[in-house]
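Every value quoted in this text rests on a predicted model; they were computed, and no experiment measured them. Numbers here are sequence positions counted from 1. Just so it is clear, the values below take in all heavy atoms, side chains as well, and ignore hydrogens, waters and symmetry mates. Atoms within each ligand, like the ligands themselves, are counted from 1 in listed order.
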Amino acid sequence: MDGVLEALRAAADPTRLRILGLLEFGELTVSELVSILSQSQPRVSRHLKILVDAGLLDRFREGSWVFHRLSLGEKGARARALVALIPPDDPLRGHDAERLKDIQNQRARAAEDYFAKYAPEWDRLRQLDVDEEAVAAAVRDMLPLTKQQKLLDLGTGTGRMLQVLGPDVGEALGLDSSHEMLSVARSNVTQWGLDNCQLRQADILALPLVYGTFDAVVLHQVLHFLDRPWTAIGEAAHALAPGGRLLIVDLGPHDVEELRENHAHRRLGFADEEIQDWLEAQGLKVETIKHLPGTLGVSIWLARRIGVTAFENEHHRMTLGASQ
Ligand SMILES: C[S@@+](CC[C@H](N)C(=O)[O-])C[C@H]1O[C@@H](n2cnc3c(N)ncnc32)[C@H](O)[C@@H]1O
């Protein structure tokens, strides 16, 4: 009972309830919250501290940015239960959701501009901080494929993963939102003689695919650009056939703030635990993790779809609800 009272006391303020409501959509920086709530930074920080002290929020620093998110476990569940009590048509909740969408759209546009600008140079840029051949060898080793299998490359960019894994599979599909990146990928794929590989423009946070059809899905150096990396993992999980494998290649935790300022990175790499939590929440079992040293360390996580994904669970629940 004490825990419930502590949560109620901490949330008993309009701004703090709005903050909980906003963080239900995902992790946000202090300056994003300041901008959405139109309140001074010291004020917002004071509210955040109360919520963190009560265990409703987790706070983590990455370089010069401080993120907050709803905590996991029992205390986070209390925060979610409180947010669920806010009527969906509450005007302030509507206002906050719209402001958040604006901020996310602005960031997505900045990242799109970045990729449009650097598409012709991407094959060269990718090699600057990372030993590409070592990554390719590890990827092939961790994800053996056959000509009977279908591969999906999410955020394919200029098609690097199609080059590395395309020759091993029957069919491969590369998706990307950037028209400019896809143009380079198309000419690369032709040059590599990979006529089993197709490219399509799509948002990997809302896949337009029939679910459960791919034997392997790859997310290579994509997650650190995203606001909601866990959503991309969820979409990847839905795209996998039962028993299919998801391979994520991304940077390990680092403090090269410049990548955020000049290269559209949102997150400064990922710790194993964070990726593992997101994978497990989607019904994927982590099978292997590999760390490759370098100027920026690269981590590779391989997970298998073992059961129903979170999406299928939800869908099943809704279907049951509808038939009652
Ligand atoms: C750093 S590049 C990596 C490309 C490629 N996987 C590689 O390793 O060379 C990230 C790619 O993700 C794409 N991307 C970012 N957000 C996306 C989204 N929501 N939907 C589809 N593609 C996205 C970008 O357009 C960009 O081509």
Side-chain angles (χ1 to χ4, degrees), residues 26 101 103-140 143 151-166 172-189 192 194 197-209 216-236 238-239 246-251 254 256 258-260 262-270 292 294 296 298-301:
K101 195 93 213 103
I103 285 182
Q104 287 171 335
N105 287 343
Q106 275 167 23
R107 219 174 14 239
R109 268 198 301 278
E112 270 167 32
D113 291 349
Y114 171 82
F115 288 118
K117 183 167 161 202
Y118 288 106
E121 283 184 75
W122 185 253
D123 286 329
R124 184 182 63 78
L125 283 176
R126 196 184 42 235
Q127 299 168 36
L128 292 183
D129 302 309
V130 166
D131 179 351
E132 268 215 298
E133 286 317 311
V135 173
V139 163
R140 282 198 203 95
L143 187 63
L151 169 74
L152 177 65
D153 182 22
L154 296 178
T156 193
T158 52
R160 172 63 178 162
M161 282 297 109
L162 299 179
Q163 180 184 24
V164 172
L165 296 171
L173 175 63
L175 300 180
D176 204 287
S177 53
S178 162
H179 177 64
E180 289 78 5
M181 282 288 196
L182 287 171
S183 308
V184 180
R186 285 204 173 91
S187 78
N188 278 343
V189 161
W192 298 325
L194 288 173
C197 294
Q198 293 191 40
L199 292 149
R200 295 271 180 282
Q201 191 168 32
D203 181 359
I204 62 167
L205 300 177
L207 288 185
L209 300 168
V217 179
V218 178
L219 275 161
H220 181 257
Q221 301 292 8
V222 177
L223 292 187
H224 60 255
F225 291 101
L226 303 178
D227 267 345
R228 289 176 286 135
W230 57 88
T231 304
I233 291 177
E235 290 294 283
H238 310 158
L246 170 61
L247 187 88
I248 299 176
V249 182
D250 218 293
L251 302 174
H254 65 85
V256 187
E258 195 249 336
L259 291 176
R260 197 175 255 159
N262 299 327
H263 297 276
H265 289 210
R266 163 101 175 147
R267 296 290 311 273
L268 301 183
F270 298 98
L292 302 176
L296 289 174
V298 171
S299 300
I300 311 182
W301 299 273

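Between T158, L223, D176, it is D176 that holds the heavy atom closest to atom 26 (C) of ligand 1.
At least one heavy atom of H220 sits less than 4.0 Å from an atom of ligand 1. At least one heavy atom of A202 lies less than 4.0 angstrom from ligand 1.
Between F115 and ligand 1, no pair of N/O atoms sits closer than 3.5 Å. Polar contact check, S177 against ligand 1: a nitrogen or oxygen pair lies under 3.5 Å apart. Considering backbone and side-chain atoms together, D153 places no N or O closer than 3.5 Å to any N or O of ligand 1. Polar contact with ligand 1: absent for F225 (N/O pair, distance under 3.5 Å).
Listed by atom number, the atoms of ligand 1 under 4.0 Å from T156 heavy atoms are 4 (C), 5 (C), 6 (N). Close approach of ligand 1 to G157 (heavy-atom distance below 4.0 Å) involves ligand atoms 4 (C), 27 (O). Distances below 4.0 Å separate heavy atoms of L226 from the following atoms of ligand 1: 16 (N).
Other residues, nucleotides and ligands contribute more than 12 heavy atoms inside 6.0 Å of the NE2 atom of H263.
Here the heavy atom of the protein found nearest to atom 3 (C) of ligand 1 is Q221 O, 3.5 Å. When only non-hydrogen protein atoms are considered, atom 20 (N) of ligand 1 lies nearest to I204 N, 2.9 Å. Atom 4 (C) of ligand 1 has G155 O, 3.3 Å as its closest protein atom, hydrogens excluded (heavy atom only). The single protein non-hydrogen atom nearest to atom 19 (N) of ligand 1 is D203 OD1, 2.9 Å, given as residue, atom name and distance.
Across every non-hydrogen atom of V218 and D153, the tightest pair is O-OD1, 3.6 Å. Across all non-hydrogen atoms, the minimal contact from L223 to P229 is CD2-O, 3.8 Å. Contact detail for V222 and G155: the closest heavy-atom pair is CG2-O, 3.5 Å.
Each of T156, L151, V139 was evaluated against M161; a single residue qualifies, V139, per the side-chain contact (heavy atoms from CB on, under 4.5 Å) test. Under the ring pair (Phe, Tyr, Trp, His ring centres under 6.0 Å) rule, Y118 has a single partner from F115, W122, Y114, which is Y114.
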* To do: I would like to know whether E132 and R160 meet salt bridge (Lys or Arg N to Asp or Glu O under 4.0 Å); could you show each step before the answer?
  => CA-CA 10 Å; E132 268 215 298; R160 172 63 178 162; 3.1 Å; yes
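Ring orientation note: the planes of H265 and F225 are nearly perpendicular, at an angle over 60° on the 30°/60° scale.
Distance alone, capped at 3.5 Å, places no donor-acceptor pair between the E235 side chain and the I204 backbone.
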